[in-house]
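Working notes, structure below.
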Amino acid sequence: MPDSLNRMVITPELNYDQLTIAEATLIQQQLHGYLNLEPFQKDITTIAGADISLALYSETVYAGLVVLSYPELQPIAYSLVKSSTIFPYVPGYLAFREIPAILKAYEQLPVKPDVIMFDGNGILHARRMGIASHFGVLTGAVTMGCAKKKLAGKYDEPGTFKGEYSPVTDKGEVIGYAVRTKGNVKPVFISPGHQMSLEDSLALALKCTGKHRLPEPTRYAHEYVNRFRIGALTEGYHKVDSWTLF
DNA sequence: GCGACAG
DNA sequence: ATCTTGTCGC
């Protein structure tokens, strides 16, 4: 993360639990100054999905990243970490609740993925600093967001065919897209997080879309952290053995 | 003041 | 997000 931000976050164990919303807003505005939305250049070999799973009325969070091969989109490794949070869910501040745990899972990966797709937004956010952008600036990783519901902005409903999309705008600027990843099903909201352009995020989301509404990275991440929470998967870093899966 | 509001 | 059962549709 930028050196000037080292004083704002408690390292090495990032902990946002004691922050007030006013302080969190200040951090988002500070992080925004480091955002880079230039087109992504290098070739992509791997893309990861990041997500967390929670038990109702529990402070325990099950975080994880699932790394997929690209463009095949097959799981090749995953990192799971059990942690806790007391920072509440407040629309617009999801990052402060989920990032500490996801960061631990990320640091546990021996090899980092080329891109990370988050279950939440990138710049499709009131202050252009959703969880994907926040994590990207903090770590320098290439990130993007994929949310199931609209957080900010306005948009016209895209056509009902898979692949159709329409821009989400706010205060005169395009901040993401409502994308129909599956025919006749509600669209998902795509936006760049960090180190990629608006167009990059849209193209990648479509490339990662299979037969389900959620793009494969996010879909797998959601599935793995849930299996972790119910005890079907164990904490730690694991390589996937293609031959024993399914 | 009113409506909106990722997970 | 999570808690839940059946049900409608491709």
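Residue numbers begin at 1 in each chain, while the letters A, B, ... track the order of the sequences.
- In this model, no donor atom of one side chain and acceptor atom of the other lie less than 3.5 Å apart for Thr218(A) and Asp119(A).
- In this structure a side-chain-to-backbone donor-acceptor pair under 3.5 Å is missing from Thr160(A) to Gly183(A).
- His222(A) comes within contact range of the sugar-phosphate backbone alone, with a heavy-atom separation under 4.0 Å but no base atom that close.
- When each of Thr143(A), Ile123(A), Ile175(A) is checked for a side chain to side chain contact (heavy atoms under 4.5 Å, CB included) with Pro192(A), only Ile123(A) meets the rule.
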Working for ring-ring contact (aromatic ring centres under 6.0 Å, His included), residues His134(A) and Tyr16(A) | CA-CA 13 Å; His134(A) 189 133; Tyr16(A) 289 144; 5.6 Å; yes
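- An OP1 or OP2 oxygen of dT2(C) is reached within less than 4.0 angstrom by a side-chain nitrogen or oxygen of Ser53(A).
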What string of B, S and - do you get for nucleotides 2-7 of chain B 5' to 3' if you count protein non-hydrogen atoms under 4.0 Å?
-> ---BBB
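- Ring centroids of Tyr237(A) and Tyr78(A) are separated by 6.0 Å or more, keeping the two rings apart.
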Which dot-bracket string describes DNA chain C (Watson-Crick N1-N3 plus N6-O4 or O6-N4, or G-U N1-O2 and O6-N3, all under 3.5 Å; [ ] crossing; | other strand)?
-> ..........
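- Tyr89(A) and Leu124(A) end up in different hydrophobic clusters when Ile, Leu, Val, Met, Phe, Trp and Tyr side chains are linked at under 4.5 Å.
- The two atoms that bring Pro113(A) and Val67(A) nearest to each other are CB-CG1, 4.3 Å, heavy atoms only.
- Within the 3.5 Å criterion, the main-chain N or O of Ala221(A) finds no donor-acceptor partner in the side chain of Asp51(A).
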Check step by step if side chain to side chain contact (heavy atoms under 4.5 Å, CB included) holds for Leu80(A) and Leu233(A).
-> CA-CA 9 Å; Leu80(A) 303 171; Leu233(A) 290 178; 3.8 Å; yes
Would you give me the side-chain donor-acceptor pairs under 3.5 Å for residues 92-104 of chain A, sequence neighbours excluded?
from, atom 1, to, atom 2, distance (Å)
Tyr93(A), OH, Thr25(A), OG1, 2.7
Tyr93(A), OH, Arg127(A), NH2, 3.1
Arg97(A), NH1, Phe87(A), O, 2.8
Lys104(A), NZ, Ser83(A), OG, 3.3

Letter by letter from the 5' end, nucleotides 5-10 of chain C scores (B base, S sugar-phosphate only, - none; protein heavy atoms under 4.0 Å) ------
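- In this view, Glu59(A) and Ser84(A) satisfy the side chain to side chain contact (heavy atoms under 4.5 Å, CB included) rule, not counting sequence neighbours.
- With respect to the salt-bridge test (charged N to carboxylate O, under 4.0 angstrom), the residues Glu157(A) and Arg180(A) qualify.
- Checked against the 6.0 Å centroid criterion, the rings of Phe189(A) and Tyr155(A) qualify as a close aromatic pair.
- Taking side-chain N and O atoms only, Asn226(A) has no distance below 4.0 Å to OP1 or OP2 of dA1(C).
- Stem list for DNA chain B (at least 3 consecutive Watson-Crick or G-U pairs, distances under 3.5 Å) is empty.
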